[in-house]
Visitor: 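Here it is: the structure, laid out below.
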Amino acid sequence: MKKIYSNADDALAETLFDGMTIAVGGFGLCGIPENLITAISRTGVKNLIVASNNAGVDDFGLGELLATKQIAKMISSYVGENAEFMRQYLSGELEIEFNPQGTLAERMRAGGAGIAGFYTKTGVGTVIAEGKEHKDFNGQTHILETGLVADLALVKAWKADGFGNLIYRKTARNFNPLVATCGKICIAEVEEIVADGALIPDAIHTPSIYVHRLIKGKHEKRIEQRTVIN
Amino acid sequence: MKKIYSNADDALAETLFDGMTIAVGGFGLCGIPENLITAISRTGVKNLIVASNNAGVDDFGLGELLATKQIAKMISSYVGENAEFMRQYLSGELEIEFNPQGTLAERMRAGGAGIAGFYTKTGVGTVIAEGKEHKDFNGQTHILETGLVADLALVKAWKADGFGNLIYRKTARNFNPLVATCGKICIAEVEEIVADGALIPDAIHTPSIYVHRLIKGKHEKRIEQRTVIN
Amino acid sequence: MTWDRNQMAERAAKELKDGMYVNLGIGIPTLVSNYIPDGVDVTLQSENGMLGMGPFPTDETIDADLINAGKQTITELDRTAYFDSADSFAMIRGGKINMAILGAMEVSETGDLANWMIPNKLIKGMGGAMDLVAGVGRVVVIMDHVNKKGEAKLLKSCTLPLTGKNVVDRIITNYGVFDVVKDGLKVIELADNVSRDDLAAITQANLV
Amino acid sequence: MTWDRNQMAERAAKELKDGMYVNLGIGIPTLVSNYIPDGVDVTLQSENGMLGMGPFPTDETIDADLINAGKQTITELDRTAYFDSADSFAMIRGGKINMAILGAMEVSETGDLANWMIPNKLIKGMGGAMDLVAGVGRVVVIMDHVNKKGEAKLLKSCTLPLTGKNVVDRIITNYGVFDVVKDGLKVIELADNVSRDDLAAITQANLV
């Protein structure tokens, strides 16, 4: 029942294997599981399929696993911030499956929620629809998208209690709650582990049932586009 | 932009028509929009199709609209608490479409989220699956369920701000957030309207975009099964 | 010799393992929470939107906003989280709940379950039962071995409308414990002084 | 004579009506928030999970956990609510966002939009653009009328991979405002001293 691990390496023990699918939370560099990603780069696990909205930047976030060439395929909506990604993709070392951002989010939710497939208008008439089943509802064409289930889910939250209940902060929430649901195993890294009962039950974003392992991490929280008014 | 109305009758003005579909939040008598239901009973609107997990009890909740025979059809998962319901159903005055509870909740979410249909294992091999499209995913049979969109959604929340952001309390949340999303118009009744900015942005359950009209109600909050330890 | 309601609940409680997330149905299954073994930490889900269900309240702590799926007033614990009905059934349908313990009217030897409807008689609705049996990792049923007329409720195939097909893993009756296996129901355990011959007369399903 | 970036943004801001929920794309559309007319209250959605987006922060209030869809640091308002990415796109896909104002590479006379990819050249991904054009109530595009080589970007049909088919309602270019109607693009408004003859030379789409 004890879910708290002392560090990212311990938390990852016996969860990794070559060729596995890992879902990773975060939007850009906001709300990414920094500590777990770095720990994976130390393990040497390879041929990973990574489902994550973005691919980090060259030296941070998932960029760390691109640098070590541990990723064989990305399932993402936008990878524009990463030059190394482009290089590997154009040289054929890396495969990419683009999903529209909302479709990716919904596929993760569906995978976690036991919804095998769902119909959406997103992507109808585009390359995204090619090869997918089309079906009309109320006179409008929809395409069938499938639920996404990962072998492992890595998320970053703000606070956790010892049971694994999580809350996120501001836009660092993003994909994390969905990622947490779609993994067969979910590991969460948080900024603070609070006393049991200290989280408000009405305000918990990810209930403990989704979280199998938990660590307190140290977070750089790098800002990608620092924009201020003068 | 002003969403706050002075009472339930005003809030319902020009939203009702005979034969319309109304989605109503609540589980049993917990978290039901008492004031709005009572106000509808005063309007005389009829032939309503009501999507709600339960049908209230004889003299409270949706039971009020059954007593006035304003409901032609219920879409529910469980109606066992209501004797008048049974009487009308057995005499052929009332139609019932049973949906499994999770399917009903997901249909409301899907309707609100622009998901026209989804595949679930729930109900496969039962009467629920009859006439529905079957499809195998990963060797398991699923059935196609459709998104549910209502002409009007009625919800009960705990607190709102003036923008229409809502938070719910404990298990009174239940179907309410889903009902709020699936209505073309959504009216919310709350126990308290707080100052703008007084709700914690990370803890809002229903963002303001879903709520078109808002009233502060007086709530009896009747308990259906009072159970205590001695 | 046969088990009473509380003994069935006590036997069912032995199914619970430390760390499990469990959904208990209405009726006898609710009693299971009284017998959770020492050292076994279990989190109860209530499908109306709660994980970490506590015991019934006192008169002083009763709260109309806090009920279980049977509409009974309950309490929260320090682990409690609330969520909406779609999230609740996402958890159920997504296989996150380790076990459901449910009542039954009939079970077939292939694990079909009927527990929601008697045509022209009981038409209250299935509530969350169809979602639970389709989604939960392991489905344990608690039921009387025979009906009030003494007729078998463990059948070759169910006569009542199904809640789910091939969904039951284990059955606990007042006579014993049975697993749904390839060729029928396997006898796992019998109540004191119950023999397999006793079972033969009151069981239609093939016993292996 | 033609409009500059800020004038295009100012013109686009006139599309906003009181009480609207609006999503602004990256680039010129972001500038629209500088020109929201007095008395018009608009709530901005950021598809990474926020409703009620405020202006950029100061050095003192900057927060790494608070960014917009362009990954820029922003601030919150007293109306702000945060949610996850599935809930964000549920809002978008479900038609709750009244208007999206987006950039474009090409638009066809039937309202097809291409704004995410140039084969073998720009392969960053579509982000949320496909979801937005498929789900939002009204799609307004802001774009230069011609490309850097002076070639038309309002076309009979798009040459680049589509973001969506029949999705654009209104186009605002540096030359004027155009609506997608049955037989082509209807001229709604022209920049000062721009004539329909000027347009003919730089527009491939049928103008009506």
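Order of the sequence lines fixes the chain letters, A, B, ..., with proteins taken first and strands second; residue numbering starts at 1 for each chain.
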Visitor: Testing C/M126, C/K124, C/M130 for side chain to side chain contact (heavy atoms under 4.5 Å, CB included) with B/F98, which one passes?
Guide: C/M126
Visitor: Measuring from B/F27:CZ to C/S46:OG, what's the distance to the nearest 0.5 Å?
Guide: 7.0 Å
Visitor: Within a reach of under 6.0 Å around CD1 of B/I200, are more than 12 heavy atoms found that belong to other residues, nucleotides or ligands?
Guide: no
Visitor: Which bit of C/N68 is near chain B, if near means a heavy-atom gap under 4.5 Å: side chain, backbone, both or neither?
Guide: backbone
Visitor: Identify whether the distance between the nearest side-chain nitrogen and carboxylate oxygen of C/K71 and B/E81 falls below 4.0 Å.
Guide: yes
Visitor: Please report the closest heavy-atom contact between B/T227 and C/T73, naming both atoms and the distance.
Guide: O-OG1, 2.7 Å
Visitor: Under a 3.5 Å distance rule, please check whether B/R173 uses its side chain to pair with a backbone N or O of C/G49 as donor and acceptor.
Guide: no
Visitor: At what distance, to the nearest 0.5 angstrom, does CG of C/N48 lie from NZ of B/K170?
Guide: 13.5 Å
Visitor: Can you find a pair of side-chain heavy atoms, one from C/R93 and one from B/K121, that are under 4.5 Å apart?
Guide: no
Visitor: Does any heavy atom of chain C fall under 4.5 Å from the side chain of B/F85, the backbone, both, or neither of them?
Guide: neither
Visitor: Against chain B, work out which of C/A64, C/A134, C/G128, C/P57 has the most heavy-atom pairs shorter than 4.5 Å and name it.
Guide: C/P57
Visitor: Does any backbone or side-chain atom of C/T75 lie under 4.5 Å from a heavy atom of chain B? Answer side chain, backbone, both or neither.
Guide: neither
Visitor: What residue, out of C/L66, C/I123, C/V167, C/D65, has the most heavy-atom pairs lying under 4.5 Å from chain B?
Guide: C/D65
Visitor: If you measure from the Lys or Arg side-chain nitrogens to the Asp or Glu carboxylate oxygens, is any gap between B/R226 and C/D59 under 4.0 Å?
Guide: yes
Visitor: For C/N120, is the CG atom crowded, meaning more than 12 foreign heavy atoms sit under 6.0 Å from it?
Guide: no
Visitor: Going from CZ on C/F89 to OG1 on B/T103, what distance comes out if it is rounded to the nearest 0.5 angstrom?
Guide: 9.0 Å
Visitor: So which of C/K165, C/M117, C/Q72 has the biggest tally of heavy-atom pairs under 4.5 Å with chain B?
Guide: C/Q72
Visitor: Looking at C/D87, C/D112, C/D63, which has the largest count of heavy-atom pairs under 4.5 Å with chain B?
Guide: C/D63
Visitor: Which atom pair, heavy atoms only, marks the closest approach of B/G102 to C/D131?
Guide: N-OD2, 2.9 Å
Visitor: Among B/N54, B/N82, B/N53, single out the residue with the greatest number of heavy-atom pairs under 4.5 Å to chain C.
Guide: B/N54
Visitor: Taking side chain as everything from C-beta outward and backbone as N, CA, C, O, which of these in B/M86 sits under 4.5 Å from a heavy atom of chain C? Side chain, backbone, both or neither.
Guide: side chain
Visitor: Applying side chain to side chain contact (heavy atoms under 4.5 Å, CB included) between C/I67 and each of B/N174, B/T171, B/I223, report the one that passes.
Guide: B/T171
Visitor: Does CG belonging to B/N138 count more than 12 external heavy atoms closer than 6.0 Å?
Guide: no
Visitor: Whether C/D84 and B/R109 form a salt bridge (side-chain N of Lys/Arg under 4.0 Å from carboxylate O of Asp/Glu) is what I want to check.
Guide: no
Visitor: Which answer fits C/E76, side chain, backbone, both or neither, if we ask what part of it has an atom under 4.5 Å from a heavy atom of chain B?
Guide: side chain
Visitor: With a 4.5 angstrom heavy-atom cut-off, could you sort out which part of B/L90 is near chain C: side chain, backbone, both or neither?
Guide: side chain
Visitor: Which atoms form the tightest heavy-atom contact between B/E106 and C/A86, and what is the distance?
Guide: OE1-CB, 4.3 Å
Visitor: Which atoms of B/E97 come close to chain C, meaning under 4.5 Å heavy atom to heavy atom: side chain ones, backbone ones, both, or neither?
Guide: neither
Visitor: Measure B/V79 against the heavy atoms of chain C and call it side chain, backbone, both or neither at under 4.5 Å.
Guide: both
Visitor: So, for C/S85 and B/F175, which heavy atoms are closest and what is the spacing to 0.1 Å?
Guide: OG-CD1, 3.1 Å
Visitor: Drop me the distance from C/F56's CZ to B/I229's CD1, to the nearest 0.5 angstrom.
Guide: 9.0 Å
Visitor: Does C/K186, at its NZ atom, have more than 12 non-hydrogen atoms belonging to other residues, nucleotides or ligands within less than 6.0 Å?
Guide: no
